[in-house]
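Data first, discussion second: the structure below is written as structure tokens.
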Amino acid sequence: QVQLVESGGGSVQTGGSLRLSCVASGDIDGMRCMGWFRQTPGKKREGVATFYTPNGSAYYADSVKGRFTISQDNAKNTVYLQMNSLRPEDTAMYYCAAKTGALCGVWMGQSSRTNYWGQGAQVTVSS
């Protein structure tokens, strides 16, 4: 079992920044992919950024490339999502996620393959 706890959500104006944190605990050594997904009411959960834990290779949705950065602090078992130049369309519930298999880039379009989810952190960007 793996537990994921997010923090850092909030409300900002367009152009602002936020950093989400996800503290992982439990059997995290078996997780080959970690990442962030987001969801708005009535829409599918979509991948935002993921990475392959053995070597840190990162993948980003086209909509966030150049604005968001995913990173990890192994000593703290924490995954971060730095979000800059936020836009109203970034408003969503953001979920930390973990998966045992690889193919972390493909995983972004296949949220159903996720093994573990956090409880979510709301991000609201106002114009």
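- Here the closest heavy-atom approach between residue Ala98 and residue Met31 is recorded as CB-SD, 3.6 Å.
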Worked verdict on Lys44 versus Ser111 for side chain to side chain contact (heavy atoms under 4.5 Å, CB included)
CA-CA 9 Å; Lys44 290 176 54 177; Ser111 62; 5.9 Å; no

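- Geometric assessment of Arg45 against the ring of Tyr95 yields a positive cation-pi assignment under the 6.0 Å and 45° thresholds.
- Counting only distance, with no hydrogens or angles, the side chain of Asp27 and the backbone of Val2 share no donor-acceptor pair below 3.5 Å.
- Atom-to-atom distance recorded for Asn77:CG and Ser25:OG is 8.0 Å, nearest 0.5 angstrom.
- The closest side-chain donor-acceptor pair between Thr78 and Asp73, if any, does not fall under 3.5 angstrom.
- Expressed to the nearest 0.5 Å, how far CH2 of Trp117 lies from SG of Cys96 amounts to 9.5 Å.
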Please step through side chain to side chain contact (heavy atoms under 4.5 Å, CB included) for the pair Val48 and Tyr60, ending with a clear verdict.
CA-CA 6 Å; Val48 176; Tyr60 295 92; over 6 Å; no

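- Remark: of the listed residues Val64, Val123, Asp90, Thr69, Val123 is the sole one forming a side chain to side chain contact (heavy atoms under 4.5 Å, CB included) with Met83.
- In this structure a side-chain-to-backbone donor-acceptor pair under 3.5 Å is missing from Thr50 to Met108.
- Of all heavy-atom pairs between Ala24 and Leu4, the closest is CB-CD2, 3.7 Å.
- Atom CZ of Arg32 sits about 12.0 Å away from atom CG of Asn115, to the nearest 0.5 Å.
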Evaluate the criterion side chain to side chain contact (heavy atoms under 4.5 Å, CB included) for residue pair Thr91 and Arg38; output intermediate values, then yes/no.
CA-CA 9 Å; Thr91 295; Arg38 66 186 181 187; over 6 Å; no

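- With rounding to the nearest 0.5 angstrom, the CG atom of Leu81 is 8.5 Å from the OG atom of Ser71.
- Centroid-to-centroid, the aromatic rings of Trp107 and Tyr59 stay 6.0 Å apart or farther.
- One finds the OH atom of Tyr94 at 15.0 Å from the SG atom of Cys22 (value rounded to the nearest 0.5 Å).
- Minimum interatomic distance between Gln72 and Gly56 (heavy atoms only, all atoms of both residues): NE2-CA, 4.4 Å.
- For the pair Arg19 and Tyr80, the cation-pi test (distance below 6.0 Å, angle within 45°) is passed.
- Of all the heavy atoms in Tyr116 and Thr114, the pair that sits closest is O-CG2, 3.1 Å.
- Side-chain N or O atoms of Thr100 include none that pairs as donor or acceptor with a backbone N or O of Gly30 at under 3.5 Å.
- Two residues are said to be in side-chain contact when any heavy atoms from C-beta on lie closer than 4.5 Å; Thr14 and Ser126 fail this criterion.
- Transitive grouping of hydrophobic side chains (ILVMFWY, heavy atoms separated by less than 4.5 Å) brings Phe68 and Phe51 into a common cluster.
- The line from CZ of Arg113 to CG of Leu103 is 8.5 Å long, rounded to the nearest 0.5 Å.
- Taking each heavy atom of Gly47 and Ala61 in turn, the nearest pair found is O-CB, 3.5 Å.
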Check step by step if side chain to side chain contact (heavy atoms under 4.5 Å, CB included) holds for Glu6 and Val79.
CA-CA 9 Å; Glu6 301 102 330; Val79 177; over 6 Å; no

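- Surrounding CD of Glu89 are more than 12 heavy atoms belonging to other residues, nucleotides or ligands, all under 6.0 Å away.
- Of all the heavy atoms in Arg67 and Leu86, the pair that sits closest is NH1-CA, 3.9 Å.
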